Participant: 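There's a structure below that I have some questions on.
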Amino acid sequence: MPKPGNYRAGVPCWVVLTTPDTARAQAFYGALFDWEFVPTSTAEAVATRYGAQVAAVERARPTDPPAWTTFLACPDPLRTAAAVRAAGGRLAREPYEVPEQGRAALAVDPLGARFGLWRAGTIDGAGLVDEPGAFAWNEHLSPDPDAARAFYRRVVGYSYDRPRAGHTLARVAGRPACSIGPSDPSSPSGPGAGPEGGARWLVHFATEDTDRAADRLRALGGTVVSGPVPGPFGRTALVRDDAGAEFVLVAVPARDSAAAA
């Protein structure tokens with residue numbers, strides 16, 4: 001699982017929701033994860049838990065569906081942007097400054113999955129992870145996991161464990177960073193899926209009780225796509241918020257909140 005602060009290059013370090021109605025999103029996720037929101041000059045709001053930043057909410061362009069975007073830590077966005085192009089990807093947004101925070105870029109891999117690059121300035125990324133109410137894991141799903149593995153090895157230097165049931169653990173400096181695996185060809189492309197038929201990065205948010213969180217999500221107007229079912233890291237459910245942005249709920253035991261603060 002990821003650890004907050006001092007993220008190594010290639011490790012998922014930040015997640016951003018783009019959605020047409022940011023006030024509605026804040027109400028939904030505030031009720032689901034007990035998030036509080038702080039307005040900023042660069043995003044509609046930054047979500048916090050125990051005073052630590054866990055995600056951002058930004059207004060989507062009219063042509064963009066609601067979606068969560070995974071950002072990978074990157075010491076040099078310009079150099080990595082060139083690597084993205086050389087490996088067959090493209091830039092959705094060229095590297096840009098985020099005042100007083102860092103530098104970012106938005107990219108699309110050859111499978112059609114959108115992801116971000118983040119160079120830390122005053123902010124490394126998420127200040128709380130692997131805790132209820134924060135992201136705990138990220139996975140890349142596509143119809144061609146081999147192509148995805150080749151792309152991210154070239155762009156961010158991932159090494160890989162032996163595939164299990166088509167899924168591979170990606171490592172950075174020997175430590176787990178994320179996973180890459182096949183999308184379900186029988187399922188329609190959901191929000192956040194790429195134009196190639198389902199390629200996307202999928203954010204996993206931790207919760208103490210997946211079944212209870214799934215029930216709360218339904219009551220708030222969200223949709224449970226599948227699950228809850230047992231998973232390798234805890235009980236999981238694939239869900240969508242009330243605007244259609246897709247993510248995963250995964251059960252992670254809570255630690256003492258004072259220690260997490």
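No experiment lies behind these values; they were computed from the predicted model shown. Side chains are part of it too, since the values below use all heavy atoms of this structure and drop only hydrogens, waters and symmetry mates.
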Participant: Ignoring hydrogens and geometry, is there a side-chain-to-backbone donor-acceptor pair from Arg216 to Ala31 under 3.5 Å?
Facilitator: yes

Participant: Between the side chains of Arg235 and Glu208, is the shortest nitrogen-to-carboxylate-oxygen separation below 4.0 Å, so that they form an ion pair?
Facilitator: no

Participant: Roughly how far, to the nearest 0.5 Å, is the OG1 atom of Thr70 from the CD atom of Glu139?
Facilitator: 10.0 Å

Participant: Taking C-beta and beyond as the side chain, do Glu131 and Val252 meet within less than 4.5 Å on heavy atoms?
Facilitator: no

Participant: Determine whether Val15 and Asn138 make a side-chain contact, defined as any pair of heavy atoms from C-beta on separated by less than 4.5 Å.
Facilitator: yes

Participant: What's the separation between atom CG in Leu32 and atom OG1 in Thr207, rounded to the nearest 0.5 Å?
Facilitator: 7.0 Å

Participant: Could you state whether Trp68 and Leu141 fall into the same hydrophobic cluster, counting links through intermediate Ile, Leu, Val, Met, Phe, Trp or Tyr residues with side-chain heavy atoms under 4.5 angstrom apart?
Facilitator: no

Participant: Is there a continuous path of hydrophobic side-chain contacts, each under 4.5 Å between heavy atoms, that joins Leu72 to Leu202?
Facilitator: no

Participant: Identify whether Tyr160 and Val156 are in the same connected component of the hydrophobic contact network (ILVMFWY, side-chain heavy atoms under 4.5 Å).
Facilitator: yes

Participant: Determine whether Phe135 and Phe247 make a side-chain contact, defined as any pair of heavy atoms from C-beta on separated by less than 4.5 Å.
Facilitator: no

Participant: Do Thr18 and Arg59 pair up side chain to side chain, a donor and an acceptor below 3.5 Å, judged on atom types alone?
Facilitator: no

Participant: Using modelled atom types only, decide if a donor and an acceptor are shared between the side chain of Arg154 and the backbone of Ala86 within a distance under 3.5 Å.
Facilitator: yes

Participant: Give a yes or no answer on whether the side chain of Arg149 reaches the backbone of Tyr158 with a donor-acceptor pair at less than 3.5 Å.
Facilitator: no

Participant: State plainly whether one hydrophobic cluster holds both Leu238 and Leu217, where clusters connect Ile, Leu, Val, Met, Phe, Trp and Tyr through side-chain heavy atoms under 4.5 angstrom apart.
Facilitator: no

Participant: List the atom of Val84, the atom of Val108, and the distance in Å for their closest heavy-atom pair.
Facilitator: CG1-O, 4.5 Å

Participant: Inspect the contact between Arg61 and Asp64 and indicate whether a charged nitrogen and a carboxylate oxygen are less than 4.0 angstrom apart.
Facilitator: yes

Participant: Could you check whether any side-chain N or O of Arg119 sits under 3.5 Å from a backbone N or O of Gly102, counting only pairs where one atom can act as donor and the other as acceptor?
Facilitator: no

Participant: Tell me whether Gln53 contacts the main-chain N or O of Gly125 through its side chain, where contact means a donor paired with an acceptor under 3.5 Å.
Facilitator: yes

Participant: Between atom CZ of Arg162 and atom CG of Leu169, what is the distance when rounded to the nearest 0.5 Å?
Facilitator: 14.0 Å

Participant: If hydrophobic clusters are built by linking Ile, Leu, Val, Met, Phe, Trp and Tyr wherever their side-chain heavy atoms come under 4.5 Å apart, do Ile180 and Val248 end up in the same one?
Facilitator: no

Participant: How far does CG of Leu249 sit from OG1 of Thr236, to the nearest 0.5 angstrom?
Facilitator: 9.0 Å

Participant: Is there a donor-acceptor pair closer than 3.5 Å between any side-chain N or O of Trp35 and the backbone N or O of Gly133?
Facilitator: yes

Participant: Below 4.5 Å, heavy atoms only, C-beta onward: do Val98 and Arg103 meet side chain to side chain?
Facilitator: no

Participant: With a 4.5 Å cut-off on side-chain heavy atoms, are Phe151 and Pro110 touching?
Facilitator: yes

Participant: For the residue pair Pro66 and Ala243, what are the closest heavy atoms and their distance?
Facilitator: CG-O, 3.3 Å

Participant: Is there side-chain contact between Arg240 and Val225, with at least one heavy-atom pair below 4.5 Å?
Facilitator: yes

Participant: With a 3.5 Å distance limit and no angle check, can you tell me whether Tyr7 reaches the backbone of Pro12 through a side-chain donor-acceptor pair?
Facilitator: no

Participant: Going through the checks in order, is the side-chain contact (heavy atoms from CB on, under 4.5 Å) test met by Leu91 and Leu106?
Facilitator: CA-CA 6 Å; Leu91 270 292; Leu106 290 173; over 6 Å; no

Participant: Applying side-chain contact (heavy atoms from CB on, under 4.5 Å), run through Cys74 and Trp118 and close with a yes or a no.
Facilitator: CA-CA 5 Å; Cys74 170; Trp118 178 255; 5.9 Å; no

Participant: Show your reasoning for whether side-chain hydrogen bond (donor to acceptor under 3.5 Å, both in side chains) applies to Arg218 and Thr223.
Facilitator: CA-CA 6 Å; Arg218 287 192 189 94; Thr223 302; over 6 Å; no

Participant: How long is the gap from OH on Tyr29 to CZ on Arg24, to the nearest 0.5 Å?
Facilitator: 10.5 Å

Participant: Does NZ or CZ of Arg93 lie under 6.0 Å from the centre of the six-membered ring of Tyr96, at an angle within 45° of the ring axis?
Facilitator: yes

Participant: Between Ser142 and Pro182, is there a side-chain heavy-atom distance shorter than 4.5 Å?
Facilitator: no

Participant: Given the rule in the side-chain contact (heavy atoms from CB on, under 4.5 Å) test, do Val239 and Glu246 qualify, once you have shown the distances and angles that lead to the verdict?
Facilitator: CA-CA 6 Å; Val239 301; Glu246 195 168 74; over 6 Å; no

Participant: Verify side-chain hydrogen bond (donor to acceptor under 3.5 Å, both in side chains) between Trp137 and Ser179, making sure each step is shown before the conclusion.
Facilitator: CA-CA 8 Å; Trp137 193 245; Ser179 56; 3.1 Å; yes

Participant: When the ring centroid of Phe71 is compared with that of Phe115, is the distance short of 6.0 Å?
Facilitator: no

Participant: Under a 4.5 Å cut-off applied to non-hydrogen side-chain atoms, are Val46 and Phe37 in contact?
Facilitator: no

Participant: Can you tell me how far apart CZ (Arg200) and OG1 (Thr69) are? Round to the nearest 0.5 Å.
Facilitator: 13.5 Å

